[in-house]
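For reference, the structure discussed in these notes is given below.
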2 protein chains.
Amino acid sequence: MSNSIKRMATMQRMQVTGLELFYKKGYYNTSVDDILKELSLSKGAFYYHYDSKEDFFVQIIDNLIVRRVYSMLIEPIEGHDNPLDLITNCFDNALETAVHNEMDFGFMLSNLIAEFNGKNDTIMKHLTDVLKIWEVNLVTTLQKGKFNGFIDRHVDCEGVATYLMSSFIGIRTLMTDVAPSARKYRFMAQLRQYFKSIELKPESV
Amino acid sequence: MSNSIKRMATMQRMQVTGLELFYKKGYYNTSVDDILKELSLSKGAFYYHYDSKEDFFVQIIDNLIVRRVYSMLIEPIEGHDNPLDLITNCFDNALETAVHNEMDFGFMLSNLIAEFNGKNDTIMKHLTDVLKIWEVNLVTTLQKGKFNGFIDRHVDCEGVATYLMSSFIGIRTLMTDVAPSARKYRFMAQLRQYFKSIELKPESV
DNA sequence: TTGTATAGAGACTTAATGGTCTGTTTAACC
DNA sequence: GGTTAAACAGACCATTAAGTCTCTATACAA
């Protein structure tokens, strides 16, 4: 195996395992040694590839987390169908992984923001950048939906995006509680209710 | 000063300062020494009154946090007026303190849940108990609103409560980002939009 | 006034963790 | 096949933080 390939493979392995542990136990509660133990690697390997734990984590955000956001929250809502339907299905799927206690973006990001807010500006900046990407894409999708006659023209797309992001991040925090499945079901019902209030109604044309 | 009074005064001082620091820097990121330094007290004083850092924090939840939830999120929505108006004003006020970067319940709780989830079951139980109190009171208020003809009778009060809690917790996480004031404004507008979709409409009677 | 329990001071112990440093192995290249 | 640099091992260091222990001071009862 060529060196550059080997380098990338090792770094990738570290990041995947790192993200998993950070997700499960939090950043400050996960030591570099925890990650290395899981991979049977040594401190030497880690600090050969990364400057610091912080540098390591920033690379995880910019690689793995951003990619996950695209695949779970952005790509599913692209297309020319009714964006409200697309978003509904997208949230439904994303929350379903949460029900099964899998690693999901919503909780991860809300966790991480909570953990780093006011403590680490560097990491916070990278996290809020990810949020911004999600937000911009939501707004774009909603505006397109307005243009294509799915959403009422009086609707404030930025406002809807904010409301959607809020509720999604919040429901994930609540789902750590008891009965995540029931919580999800109720949440989705209310989301549909809310969407009914912003869709373009035939009689109002 | 009598001893029992002195004891309570000291414990109260510790808890108030402890909560403030935990809120600002997180639980794991705040050391017992940080709190004691702020108060010019010693380790001896701390471990004379509390068994452990965890015991200390549980008492903070059961005293200070629960009380704050009552005063900020429960008492303001009691009464016989339109519960949707009461909730709107209550959220508006609660988020306003957040805009000014004051210590507010929403973010604190979502922060703490994020921080302790999967790490400390004892503390998590006490935190979810607080959430439960909030939820029960929200549901009760909504049901009363239905009974008094403010809310459509087809509305699922548990669902609305879940949705409200989600969005509130989520918006607080988002407000750590840039422009919290603008975020709040948009959020409140969408909340009103959502409420319009569940209120009892005169023509539908 | 004096004995006793309460309240508190602060040095110390123990364990964990981020990061460094030196040495060794492996792979690429001539 | 030998040189060189990348990749990794792991002992070690410095710091931090929770919790302990011993000693002192203060308040209250007799």
Side-chain angles (χ1 to χ4, degrees), chain A residues 1-61 112 115-116 118-123, chain B residues 1-61 112 115-116 118-123:
Chain A
M1 186 159 49
S2 108
N3 263 344
S4 70
I5 297 279
K6 178 169 192 179
R7 176 186 181 86
M8 286 183 60
T10 304
M11 289 179 79
Q12 181 76 7
R13 274 197 335 133
M14 285 178 176
Q15 288 183 24
V16 169
T17 303
L19 179 59
E20 201 173 317
L21 291 186
F22 288 146
Y23 171 71
K24 276 198 268 195
K25 313 202 302 164
Y27 177 82
Y28 290 114
N29 225 34
T30 303
S31 69
V32 174
D33 280 329
D34 288 342
I35 299 161
L36 295 170
K37 196 175 175 186
E38 191 86 8
L39 294 164
S40 300
L41 283 173
S42 68
K43 275 265 175 73
F46 185 86
Y47 284 95
Y48 176 77
H49 291 293
Y50 301 100
D51 291 343
S52 63
K53 189 185 177 185
E54 180 180 304
D55 168 50
F56 174 60
F57 190 59
V58 165
Q59 293 200 38
I60 288 181
I61 298 172
L112 295 174
E115 192 168 3
F116 290 111
K119 292 165 219 163
N120 187 317
D121 291 340
T122 309
I123 292 183
Chain B
M1 188 158 50
S2 109
N3 265 341
S4 70
I5 298 279
K6 179 169 190 177
R7 176 186 181 86
M8 286 184 60
T10 304
M11 289 179 79
Q12 182 75 6
R13 276 198 331 135
M14 283 178 178
Q15 289 183 24
V16 169
T17 304
L19 179 59
E20 202 173 316
L21 291 186
F22 287 146
Y23 170 72
K24 277 196 268 198
K25 315 200 301 165
Y27 177 82
Y28 290 114
N29 224 34
T30 303
S31 68
V32 173
D33 279 330
D34 288 342
I35 298 162
L36 295 171
K37 197 176 176 185
E38 192 87 5
L39 294 165
S40 300
L41 283 173
S42 66
K43 276 268 175 72
F46 185 86
Y47 284 95
Y48 176 73
H49 292 292
Y50 302 100
D51 291 343
S52 64
K53 189 185 179 187
E54 179 180 305
D55 168 48
F56 174 61
F57 189 61
V58 165
Q59 292 200 38
I60 288 181
I61 298 173
L112 295 174
E115 191 168 4
F116 290 111
K119 292 165 217 160
N120 187 317
D121 291 339
T122 309
I123 293 183

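Naming: A, B, ... by sequence-line order, numbering from 1 per chain.
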- Tyr47(A) ring center near Phe56(A) ring center (under 6.0 Å): no

- Name of the residue among Phe116(B), Tyr27(B), Tyr28(B) meeting ring pair (Phe, Tyr, Trp, His ring centres under 6.0 Å) with Phe22(B): Tyr27(B)

- Proximal nucleotide (of dG19(D), dA9(C), dA18(D)) relative to the Ser52(B) side chain: dG19(D)

- Is Lys53(A) near enough to dG18(C) that one of its side-chain N or O atoms lies under 4.0 angstrom from OP1 or OP2? yes

- Item | Whole angstrom value for the distance that separates P of dA6(D) from OH of Tyr47(A) | 21 Å

- For Leu36(A) and dC8(D), give me the distance from atom CG to atom C1', rounded to whole Å. 11 Å

- Please give, in whole Å, the distance from dA7(D) P to Met11(A) CE? 10 Å

- Task: From the options dC8(D), dT20(C), dA7(C), select the nucleotide whose nearest atom is closest to the side chain of His49(A).
- Result: dC8(D)

- Are OP1 or OP2 of dA9(D) and a side-chain N or O of Ser42(A) less than 4.0 angstrom apart? yes

- Item | Closest nucleotide among dG8(C), dA18(D), dT20(C) to the Lys43(B) side chain | dA18(D)

- Item | Phosphate OP1/OP2 of dA7(D): any Arg7(A) side-chain N/O under 4.0 Å | yes

- Given DNA chain C, 5'-ward residue of the pair Gly44(A) and Asp33(A), judged by closest heavy atom: Asp33(A)

- To the nearest Å, give me how far apart OH (Tyr28(A)) and P (dT15(D)) are. 19 Å

- Task: Please state how far atom NZ in Lys25(A) lies from atom P in dA16(C), giving the value in whole angstrom units.
- Result: 12 Å

- Message: Tell me whether Tyr50(B) contacts the main-chain N or O of Phe57(B) through its side chain, where contact means a donor paired with an acceptor under 3.5 Å.
- Response: no

- Count the heavy atoms of every other residue, nucleotide or ligand shown that sit under 6.0 Å from NZ of Lys119(B), and state whether that count exceeds 12. yes

- Query: Testing Arg13(B), Gln12(B), Met14(B) for side chain to side chain contact (heavy atoms under 4.5 Å, CB included) with Val16(B), which one passes?
  - Reply: Gln12(B)

- Message: Tell me whether the side-chain N/O atoms of Tyr48(A) come closer than 4.0 Å to OP1 or OP2 in dA7(D).
- Response: yes

- Message: Can you measure Ile35(B) atom CD1 to dG19(D) atom C1' for me and round it to whole angstrom units?
- Response: 14 Å

- Query: Could you give the CZ-to-C1' distance, from Phe46(B) to dC21(D), as a whole number of Å?
  - Reply: 17 Å

- Item | Gap between atoms CE and C1', on Met14(A) and dG18(C) respectively (whole Å) | 15 Å

